[in-house]
Amino acid sequence: MTKTKEVISPKKVAFPRYAEYNAPIRYLLENGVGVKCVLPPRLTHRSLEIGAKYSPDFVCTPFKILLGNMIEAIEAGADTLVMVYGLCKLGYYGELQEQILRDLGFDFDFVNLTEYNTGKIKDLFKAAKYLNPKAKFRKVVKALLEAVKMAEYIDAVTAEYYKSCGFETEKGSYKKAFETFIADMYAANTKDEIELAYTKVKQAFAGIPTDKPVQPLRVGIVGEFYTAMDQFSNFDVELKLAEMGVEIHRWMNVSNMFIHYPGEKNLNVRVKEYCTYQMGPTSTANIRSAKEYAEQRFDGVIHIKSANCTPEIDVMPVLQNISADYKVPVLYLTYDAQTSDVGLMTRLEAFYDMISMRKKVMH
């Protein structure tokens with residue numbers, strides 16, 4: 001009797017939703033590590049609602065959103081969850097979230113990247129080997145580099161989108177091109193497909209007619225890493241402002257923070273009059289960004305954070321000093337499970353009216 005070779009089913013791996021960065025994560029997992037990536041459902045109020053239900057009251061809002069989306073990922077068929085590491089309380093998320101999910105009775109494998117964070121690539125590669133024992137180092141590195149390039153393209157296109165979409169003459173043109181690009185990123189499985197998607201969206205953007213003032217209203221966005229970048233978490237604040245006719249700038253993204261980051265030491269030199277010590281994972285970068293927006297005579301700055309985000313609470317008094325020194329208005333937005341879209345729009349409209357009238361008076 002011939003012995004049947006045992007077939008090992010590939011893991012179905014999920015990473016909670018974060019802006020559009022699940023596209024490069026999917027690319028790395030499927031084309032590098034060699035596992036099936038289960039994309040969790042896009043974030044909705046349900047994600048936050050079920051996450052808040054099972055979270056400690058005083059954790060920051062991203063914890064609740066990520067936990068809720070992990071539950072949705074398991075419901076979607078994932079049998080393995082991956083959690084990233086970070087420099088603030090994020091570094092403790094994974095362990096606590098895993099315990100909460102197990103207490104709820106879910107059965108899954110859990111990869112907490114904090115446990116592999118030694119600063120050495122070979123140790124991080126151990127996480128890939130856990131997901132797929134047959135993973136090859138060269139293949140993982142190749143896919144990682146291509147995924148990084150994908151993230152850079154997503155950040156570049158997103159920046160151009162929010163700078164320009166508020167001035168299109170045919171409403172919806174930029175959004176259509178942007179959404180096509182994002183869909184192409186999620187579907188890409190080769191380096192050539194990534195490059196083609198980027199080329200297509202650049203051409204599409206270049207062909208969109210705009211009517212932009214010589215001196216448009218310009219607003220700089222700074223804030224907590226997750227909430228400032230994730231459209232669901234911040235109620236798509238950038239698009240809301242852009243549609244009022246505002247040019248939006250946001251330095252904070254994955255590319256700038258992890259690929260092109262000049263480092264705390266260099267940033268501290270630029271903000272030494274405001275920040276003597278390192279204050280947290282993104283604090284110095286946000287102070288530097290706000291100062292540069294003020295120096296470039298932006299019409300306003302918006303500071304975005306989740307409730308209970310300690311580093312960004314510490315940033316707020318510094319931003320008040322920058323606001324006073326450069327006479328630039330700063331709007332502070334804090335998001336939690338009770339934040340409403342109507343309340344946000346009221347504040348944004350008031351802020352827009354104020355900076356618009358102020359610009360007319362000053363010019």
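Just so it is clear, the model here is predicted, and its values are computed rather than measured.
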Problem - Residue pair K120, D123: steps toward the salt bridge (Lys or Arg N to Asp or Glu O under 4.0 Å) verdict - result: CA-CA 5 Å; K120 297 178 180 178; D123 289 329; 5.3 Å; no

Practice task
Begin from the C-alpha positions of T190 and D192 and carry the test side-chain hydrogen bond (donor to acceptor under 3.5 Å, both in side chains) through to its verdict.
Solution key: CA-CA 5 Å; T190 66; D192 287 345; 5.4 Å; no

Practice task
Tell me, with the steps shown, if S306 and E224 meet side-chain hydrogen bond (donor to acceptor under 3.5 Å, both in side chains).
Solution key: CA-CA 7 Å; S306 65; E224 175 253 309; 3.3 Å; yes

Exercise for the section: Applying side chain to side chain contact (heavy atoms under 4.5 Å, CB included), run through I221 and I248 and close with a yes or a no. Expected result: CA-CA 7 Å; I221 304 288; I248 306 299; 3.8 Å; yes

Practice task
Start with the C-alpha gap between E193 and N189, add the side-chain angles, then the distance that decides, and say whether side-chain hydrogen bond (donor to acceptor under 3.5 Å, both in side chains) holds.
Solution key: CA-CA 7 Å; E193 288 174 349; N189 284 305; 4.7 Å; no

Problem - Trace of the side chain to side chain contact (heavy atoms under 4.5 Å, CB included) decision for N308 with V59 - result: CA-CA 6 Å; N308 301 315; V59 295; over 6 Å; no

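With respect to the salt-bridge test (charged N to carboxylate O, under 4.0 angstrom), the residues K11 and D109 qualify. Between D336 and K305, no side-chain nitrogen of the basic residue sits less than 4.0 Å from a carboxylate oxygen of the acidic one, so the salt-bridge criterion is not met. Salt-bridge formation is detected for the pair E292/R270: a Lys NZ or Arg NE/NH1/NH2 atom is positioned less than 4.0 Å from an Asp or Glu carboxylate oxygen. In this structure, E49 does not pair ionically with K53, as no charged nitrogen and carboxylate oxygen lie closer than 4.0 Å. We find that K191 and E195 are not joined by a salt bridge, their nearest charged nitrogen and carboxylate oxygen being 4.0 Å or further apart. K12 and D79 are not joined by a salt bridge, as no carboxylate oxygen comes within less than 4.0 angstrom of a charged side-chain nitrogen. One finds no salt bridge joining E168 and K175 here, because no Lys/Arg side-chain nitrogen approaches an Asp/Glu carboxylate oxygen to under 4.0 Å.
Within the model, atoms NZ of K129 and NZ of K134 stand 10.5 Å from one another, a figure rounded to the nearest 0.5 Å. Once rounded to the nearest 0.5 Å, the distance linking CD1 of I194 with NZ of K149 reads 10.0 Å. In this structure, OG1 in T61 is found 9.0 Å from CD in Q338, a value given to the nearest 0.5 Å. Here the CZ atom belonging to R358 is positioned 11.0 Å from the CG atom belonging to L217, to the nearest 0.5 angstrom. Atoms CG and OG1, from N132 and T80 in turn, are 11.0 Å apart once rounded to the nearest 0.5 Å. For the atom pair Y335 OH and L48 CG, the distance stands at 13.0 Å (nearest 0.5 Å).
Take F125 and apply the ring-ring contact (aromatic ring centres under 6.0 Å, His included) test, not counting sequence neighbours, and it matches F137. When the ring-ring contact (aromatic ring centres under 6.0 Å, His included) test is applied to Y274, no partner is found at least two apart in sequence or on another chain. Here Y21 pairs with Y18 under the ring-ring contact (aromatic ring centres under 6.0 Å, His included) rule; sequence neighbours left out. Every residue two or more places apart in sequence or in another chain that forms a side-chain contact (heavy atoms from CB on, under 4.5 Å) with L101 is listed here: L67, M70, I71, L81, F106, F108. Checked against side-chain contact (heavy atoms from CB on, under 4.5 Å), R46 has the following partners two or more places apart in sequence or in another chain: T44, I50, E72, E75. Looking at residues two or more places apart in sequence or on another chain, you find a ring-ring contact (aromatic ring centres under 6.0 Å, His included) between F298 and H249, Y293.
A distance-only check finds a donor-acceptor pair linking the side chain of D230 to the backbone of S233 [under 3.5 Å]. A donor-acceptor pair under 3.5 Å is absent between the side-chain atoms of S323 and the main chain of L319, judged by distance alone. At distances below 3.5 Å, not a single donor-acceptor pair connects side-chain atoms of N286 with backbone N or O atoms of E312. In terms of modelled atom types and a separation under 3.5 Å, the side chain of N234 and the main chain of A228 share a donor-acceptor contact. E30 places a side-chain N or O within 3.5 Å of a backbone atom of C37 that can act as its donor or acceptor partner. In this structure, the side chain of T346 engages the main chain of V342 through a donor-acceptor pair within 3.5 Å. Here the side chain of R26 pairs a donor or acceptor atom with the backbone of Y186 at under 3.5 angstrom. At distances below 3.5 Å, at least one donor-acceptor pair connects side-chain atoms of R17 with backbone N or O atoms of P40.
F167 and L348 fall into different hydrophobic clusters, where Ile, Leu, Val, Met, Phe, Trp and Tyr side chains are chained together by heavy-atom contacts under 4.5 Å. In the hydrophobic clustering of this structure, L104 groups with M83; members are Ile, Leu, Val, Met, Phe, Trp, Tyr whose side-chain heavy atoms approach within less than 4.5 Å, directly or through other members. Hydrophobic clustering of Ile, Leu, Val, Met, Phe, Trp and Tyr side chains at less than 4.5 Å, counting indirect connections, unites V328 with M316. L29 and V38 are assigned to two separate hydrophobic clusters, defined by single-linkage of ILVMFWY side chains at heavy-atom distances under 4.5 Å. Under the 4.5 Å side-chain contact rule for hydrophobic residues, I313 and V222 do not share a cluster.
M279 is not listed as a side-chain neighbour of T284, based on a closest heavy-atom distance of 4.5 Å or more. In this structure, I287 and V315 have side chains that are in contact, with non-hydrogen atoms separated by less than 4.5 Å. No side-chain heavy atom of M345 sits less than 4.5 Å from a side-chain heavy atom of F235. Between V301 and P329, every side-chain heavy-atom pair lies at or beyond the 4.5 Å cut-off. Contact of the V330 side chain with the Q320 side chain is not registered, since no non-hydrogen atoms from C-beta on lie closer than 4.5 Å.
A donor-acceptor pair shorter than 3.5 Å cannot be found between the side chains of Y161 and E238. For the residue pair N112 and E98, no side-chain donor N or O sits within less than 3.5 Å of a side-chain acceptor on the partner. Between E95 and T114, the side chains place no donor N or O within less than 3.5 Å of an acceptor N or O (distance only, hydrogens not considered).
Between E247 and the options R218, K163, Q215, K212, a side-chain hydrogen bond (donor to acceptor under 3.5 Å, both in side chains) holds for only K212.
Here the closest heavy-atom approach between residue S164 and residue E160 is recorded as OG-OE2, 2.8 Å. The minimum heavy-atom distance linking A135 with V140 is given by the pair CB-CG2, 4.3 Å. In terms of heavy-atom proximity, L113 sits nearest to A127 at CD2-CB, 3.9 Å. Considering all non-hydrogen atoms of both residues, I322 and A294 come closest at CG2-CB, 4.0 Å. Closest of all the heavy-atom pairs between T158 and I154 is OG1-O, 2.6 Å. Among all heavy-atom pairs drawn from D236 and Y162, the shortest one is OD1-OH, 3.3 Å.
For F63 and Y226, the ring centers sit 6.0 Å or farther from each other.
Residue I121 qualifies as open at atom CD1: its count of foreign heavy atoms under 6.0 Å is 12 or below.
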